[in-house]
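Everything on this sheet refers to the single structure shown next.
Everything numeric here is computed off the predicted structure, so don't read it as measured data. Order of the sequence lines fixes the chain letters, A, B, ..., with proteins taken first and strands second; residue numbering starts at 1 for each chain.
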2 protein chains.
Amino acid sequence: MKNRSEQLVHDLGKKIVTSEFAPGDLLPKVEDASEMLKVSRTVVREALRVLSTMGLVRSNQRAGTVVLPRSDWQWWNLDVLTWVLEDDKNSDFLVHLTEVRLGLEPTAAALAAKRASDHDMSKIKHAFERLEQSIGDEKAWASADYDFHESILQASHNDLIINTVKTLRKALVNSREKTLEASKNFPESPYDSPTQEVFKRHRVIYDAIIARDEELARQKMTDLILRVKRILEKIYGFQD
Amino acid sequence: MKNRSEQLVHDLGKKIVTSEFAPGDLLPKVEDASEMLKVSRTVVREALRVLSTMGLVRSNQRAGTVVLPRSDWQWWNLDVLTWVLEDDKNSDFLVHLTEVRLGLEPTAAALAAKRASDHDMSKIKHAFERLEQSIGDEKAWASADYDFHESILQASHNDLIINTVKTLRKALVNSREKTLEASKNFPESPYDSPTQEVFKRHRVIYDAIIARDEELARQKMTDLILRVKRILEKIYGFQD
DNA sequence: AATTATTTGTCCGTATGTATG
DNA sequence: CCATACATACGGACAAATAAT
């Protein structure tokens, strides 16, 4: 945390996301907050501007600064996404996130199969080989797995999808410890463990992309993420 | 545009998006900008905080405020998205956006088929009936079409997808005039015109959701958006 | 319909923090 | 280690908008 207003953004933002401040609530007015928190009004005002850009609050003259409904939040802001994921109350949010992955990552894989340049292909190949050599090594696998998916993503040549999925993955990594905690009593982790079986699931994706078979790449990526979703639903008892 | 810092955000933000300020460029320092633009340093600083939250710039003490690479931008911020769409240079960005729709909207349709409550279903039904009555009326169709897709979206019960697609649609509406301009020399508009043929495409989606056939709903929504994508590719000559 | 009170918005003089040369 | 250049932080004053009276 670099400066005071960033700190304040974090404090207030997290309180909003965890509904310590609920939508409709009024935040303390600038002067009060300034005094209470022992920071200048400048700092408070800048923090409110940031929170406002995140869609968490809206300032109105005379009426004060009010917390906005969840539908207005900027979910793809890394801070917001991380705060939400860190909050226990949003356990089914992980399922929702996975549904987005289910929408975007197979699409990205299909696009990669279509658009990958020679250079993209060699990066995917290299990442895949690292994956193969990481079977059995938990830590090495995690890193290789990340790079493998990253190389496919980049090959999609769709900046919007690349950016969105990267934000999503960063947020998941940020809050991973907590999630591992929640899942450690279950036989399967939502995060890949470096077994032969899981490796096979990656191989078919790799093969499909190399063969430039868009629909197969889409299908196999869907299968991989669907597995994660099923595990999450089992863990959190989410259904319908 | 309400206040001065919002104005400044718009001015600077648009200049960054249209690469009048390119990634790596240094923005004028706070005091200079303040003097040049005849606003207080407060206003400049607050604007920079907002731009920083949008991922467009990063401020460093002593080094000044630098424009960030596109990969760092917060694409799902409505302002950023609108500015990008308004910029002629990003014509293939519309295709990228459509690829995201292709990832998310069929997913939302499938989820709607799975999760829609009775209340959701009746809203979808009502929106569909309005659609049917709007055939031939350009203006009424646009509104009914919007509400039809909105009702499906809401029935997905995935806040993240709802929020993302809504942002996307708002941005498209914001910059629609320009796009219509670009497409009016072509036989088909990327936006639905109220013909029987287009209505049929909506009917099959409606039928699939009512029947709670997830895969069919996904498929038919894919078909609908794929049509838009093909038209865009024809218009902008995007390929590979 | 006019006035007032309250809160954000704006300005600016000054001081401190931080990385660079 | 000092000087420089920039962002960051402080706080008193006033302007503008708008909810409440």
Side-chain angles (χ1 to χ4, degrees), chain A residues 1-13 15-16 20-69 72-74 77 79, chain B residues 1-16 21-69 72-74 77 79:
Chain A
M1 216 116 307
K2 300 195 53 175
N3 53 41
R4 300 193 203 210
S5 69
E6 277 178 46
Q7 256 173 269
L8 190 46
V9 165
H10 187 273
D11 290 354
L12 288 174
K15 281 184 183 172
I16 290 170
E20 196 165 329
F21 289 113
D25 284 359
L26 223 54
L27 257 47
K29 63 183 183 187
V30 174
E31 195 157 338
D32 291 354
S34 164
E35 197 181 342
M36 281 167 28
L37 301 165
K38 310 292 180 198
V39 292
S40 67
R41 285 174 293 127
T42 316
V43 167
V44 176
R45 289 190 48 75
E46 287 179 10
L48 291 180
R49 279 257 181 277
V50 171
L51 291 171
S52 162
T53 307
M54 290 173 171
L56 299 182
V57 306
R58 170 121 198 104
S59 296
N60 299 299
Q61 273 182 196
R62 158 85 206 208
T65 299
V66 66
V67 177
L68 293 177
D72 285 348
W73 296 359
Q74 299 261 288
N77 176 283
D79 288 321
Chain B
M1 215 118 308
K2 300 197 53 175
N3 53 41
R4 300 192 204 215
S5 68
E6 277 177 46
Q7 257 173 269
L8 189 46
V9 165
H10 187 274
D11 290 353
L12 288 175
K14 190 132 193 194
K15 281 185 183 173
I16 290 170
F21 287 113
D25 283 2
L26 223 54
L27 257 48
K29 63 183 184 186
V30 174
E31 195 157 340
D32 291 354
S34 163
E35 196 181 342
M36 280 168 28
L37 302 164
K38 310 290 181 201
V39 292
S40 67
R41 286 171 293 136
T42 313
V43 167
V44 175
R45 287 193 48 74
E46 286 179 10
L48 291 180
R49 281 255 181 275
V50 171
L51 291 171
S52 162
T53 308
M54 290 174 170
L56 298 182
V57 306
R58 169 123 199 102
S59 296
N60 300 298
Q61 282 187 211
R62 158 85 205 199
T65 299
V66 66
V67 176
L68 293 178
D72 285 345
W73 296 359
Q74 299 260 295
N77 177 283
D79 289 320

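- Screening residues 26-43 of chain A for side chain to side chain donor-acceptor pair (under 3.5 Å) gives no qualifying pairs among residues at least two apart or on separate chains.
- Shown here are the side chain to side chain contact (heavy atoms under 4.5 Å, CB included) partners of B:Asp72, two or more places apart in sequence or in another chain: B:Leu68, B:Pro69.
- The CZ atom of B:Arg58 sits 13 Å away from the P atom of D:dA7 (whole-angstrom rounding).
- The shortest distance between side-chain heavy atoms of B:Leu37 and B:Leu8 falls below 4.5 Å.
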Contact string for nucleotides 8-15 of chain D, one letter per nucleotide 5' to 3', B = base within protein heavy-atom range under 4.0 Å, S = sugar-phosphate only, - = neither, reads BBBBBB--
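- Interface limits on DNA chain C: the 5'-most and 3'-most nucleotides within less than 4.0 Å of chain B heavy atoms are C:dG9 to C:dT20.
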Would you be so kind as to tabulate the donor-acceptor pairs closer than 3.5 Å made by side chains of residues 43-59 of chain A, with sequence neighbours excluded?
residue, atom, partner, partner atom, Å
A:Arg45, NE, B:Glu46, OE2, 2.9
A:Arg45, NH2, B:Glu46, OE1, 3.3
A:Arg45, NH2, B:Glu46, OE2, 3.3
A:Glu46, OE1, B:Arg45, NH2, 3.2
A:Glu46, OE1, B:Arg49, NE, 2.9
A:Glu46, OE1, B:Arg49, NH2, 3.3
A:Glu46, OE2, B:Arg45, NE, 2.9
A:Glu46, OE2, B:Arg45, NH2, 3.3
A:Arg49, NE, B:Ser5, OG, 2.9
A:Arg49, NE, B:Glu46, OE1, 2.9
A:Arg49, NH2, B:Ser5, OG, 3.1
A:Arg49, NH2, B:Glu46, OE1, 3.3
A:Thr53, OG1, A:Arg49, O, 2.9
A:Ser59, OG, A:Thr65, OG1, 2.8

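- With sequence neighbours excluded, the residues forming a side chain to side chain contact (heavy atoms under 4.5 Å, CB included) with B:Lys15 are B:Glu20, B:Phe21, listed by chain and number.
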